[in-house]
Amino acid sequence: MSVRILILAAGQGTRMRSRLPKVMHHLAGKPLLGWVLDAAEALQAAQTFVVHGHGAEQVRAAFSERQVSWVLQAEQRGTGHAVQQVMPQLEDEGQVLVLYGDVPLIQPTTLQRLLESSRDRVGLLTVELADPSGYGRIVRDDAGRVQRIVEHKDASAAERDLREINTGILCVPAQRLKKWLPQLRSNNAQSEYYLTDLIAMAVAEGIGVVTSQPDHPDEVAGVNTRAQLAELERYYQLQQARLLMDAGVSLADPARFDVRGRARIAADVSFDVNLVLEGEVEIETGVHIEANCLIRNSRIGAGAHILANTLVEDAIVGAGCSVGPFARLRPGTVLAEGAKIGNFVEIKKSHIGAGSKVNHLSYIGDAELGEKVNVGAGTITANYDGKHKHKTRIGDHASTGANSVMVAPVEIGAGAYIGAGSVITKEVPTGNLAVARGRQTNIPRDKQEQD
Ligand code: UD1
Ligand code: CA
């Protein structure tokens with residue numbers, strides 16, 4: 001049976017107290033709506049509609065590459081009203097699945113179960129909560145059959161004691177939905193068109209209402225406040241941490257580890273506290289990462305050691321490398337096997353050959369270093385002339401003395417040696433020693449000029 005998905009995302013999210021539309025707030029590095037769209041994509045629905053309103057342009061722009069149909073709900077008059085906006089564009093066949101843009105962790109398997117259990121009936125995703133306040137309650141008859149949903153604000157004291165709540169996620173055959181929606185009325189405590197009133201209509205017509213439950217209640221947790229968002233983030237991160245530990249990754253503290261993206265991590269890897277992995281990250285076996293590091297869109301080769309307080313972005317760290325403490329690898333950095341980058345070193349768009357060392361206080365940008373090069377403390381590549389970037393090439397086994405500057409474009413031959421404090425502006429041939437600095441002059445006191 002074909003499935004069409006409606007994602008309700010028009011609400012402002014007043015309680016977030018934010019200029020950003022609620023569904024644009026991030027969970028694990030991805031906007032809330034992005035999570036729901038991913039779940040929808042996994043179901044391979046015939047069509048996905050997003051009902052949007054608050055911050056419409058911003059929301060559409062953020063997801064412009066997604067295959068969805070945008071439906072504007074200019075004024076938010078309730079969940080039923082939101083669904084009504086889609087009706088002119090909706091086919092008459094198959095099932096319609098309603099999701100919320102602010103319920104990010106819903107799992108495709110749960111949705112699949114809901115769809116399969118209901119078919120031409122109405123399917124409701126419900127959970128039992130210890131504290132159901134605020135939610136719509138599921139009212140059942142003595143035989144346990146669902147009768148209707150009553151919103152918290154409209155519920156009697158007895159109804160408020162019911163602990164089974166409406167998650168808001170439901171599915172309805174398209175034909176029925178089209179028939180029932182125009183019958184919704186807004187004569188309730190919030191003067192809104194409640195989508196939940198469909199349930200009583202289904203029951204009145206003898207259409208069965210079946211319920212199913214998510215694997216875990218946090219799947220259906222909605223985000224209304226920043227505190228709820230933070231709670232959900234911790235839940236998600238802990239879940240990721242557990243999966244990794246099960247797969248052979250050691251975490252000093254699973255509560256101080258964050259994945260914001262897709263991390264592929266091999267077994268026998270260990271992480272000290274406060275590691276953040278962002279985007280696409282790949283970490284090979286035997287890697288150890290010390291405290292307080294951020295790794296973004298990068299690959300860390302087998303057995304590499306990342307020391308404390310290091311930042312790695314869009315870089316490739318080869319097997320057996322050592323990076324940090326306090327190092328910054330910027331986009332385009334490639335470290336070949338066994339390279340060593342030390343403290344307070346910044347590397348950008350450069351290739352550092354196997355076994356080469358840049359140990360202290362250096363900036364290496366737009367450079368090609370051969371194998372076993374030794375870069376002295378405080379060496380700088382002056383790669384930018386104010387208009388263009390230029391390359392520095394340093395051959396195998398070359399060494400630069402402390403505090404030397406390579407004014408690019410420039411080439412240092414293999415085995416060459418640069419004297420400390422040199423400003424190198426011309427090619428240094430293979431094996432040469434280059435000294436380019438003012439000579440030291442010692443002037444005795446009696447020869448020094450007096451003012
Ligand atoms: C709704 C349900 C309630 C359920 C709860 C679960 C109704 C009447 N009530 O209540 O039974 O327990 O969700 O969280 O359906 N939205 C629009 N346009 C609107 C109104 C809402 O797009 O005009 C969107 C919101 O952005 C949000 C979702 O629909 O993503 C739910 O709206 P919200 O106002 O939070 O519904 P609740 O009152 O919490
Ligand atoms: Ca809500």
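Numbering of ligands and ligand atoms starts at 1, following listing order.
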Do any N/O atoms on [X] end up under 3.5 angstrom from N/O atoms on ligand 1?
| X | result |
| --- | --- |
| Tyr135 | no |
| Leu8 | yes |
| Gly168 | no |
| Ile149 | no |
| Glu75 | no |
| Ile165 | no |

Residue [X] vicinity, atoms of ligand 1 by number, heavy atom under 4.0 Å:
| X | value |
| --- | --- |
| Arg77 | 23 (O) |
| Tyr194 | 8 (C) |
| Gln76 | 18 (N), 19 (C), 23 (O) |

Inset, instruction - Before accepting this row, confirm whether a basic side-chain N of the pair Arg330/Asp314 lies closer than 4.0 Å to the acidic partner's carboxylate O. - result: no
Select one of side chain, backbone, both or neither to describe which atoms of [X] lie under 4.0 Å from any atom of ligand 1, heavy atoms only.
| X | value |
| --- | --- |
| Val23 | neither |
| Ala82 | side chain |
| Gln190 | neither |

Would you list the atom pairs, donor with acceptor, under 3.5 Å between side chains in residues 194-202 and any protein atom, with sequence neighbours excluded?
from, atom 1, to, atom 2, distance (Å)
Tyr194, OH, Asp154, OD2, 2.8
Tyr194, OH, Asn188, OD1, 3.4
Tyr194, OH, Gln190, NE2, 3.1
Thr196, OG1, Glu151, OE2, 3.3

Legend entry - Set of residues satisfying side chain to side chain donor-acceptor pair (under 3.5 Å) with respect to Gln213, sequence neighbours excluded: Thr126
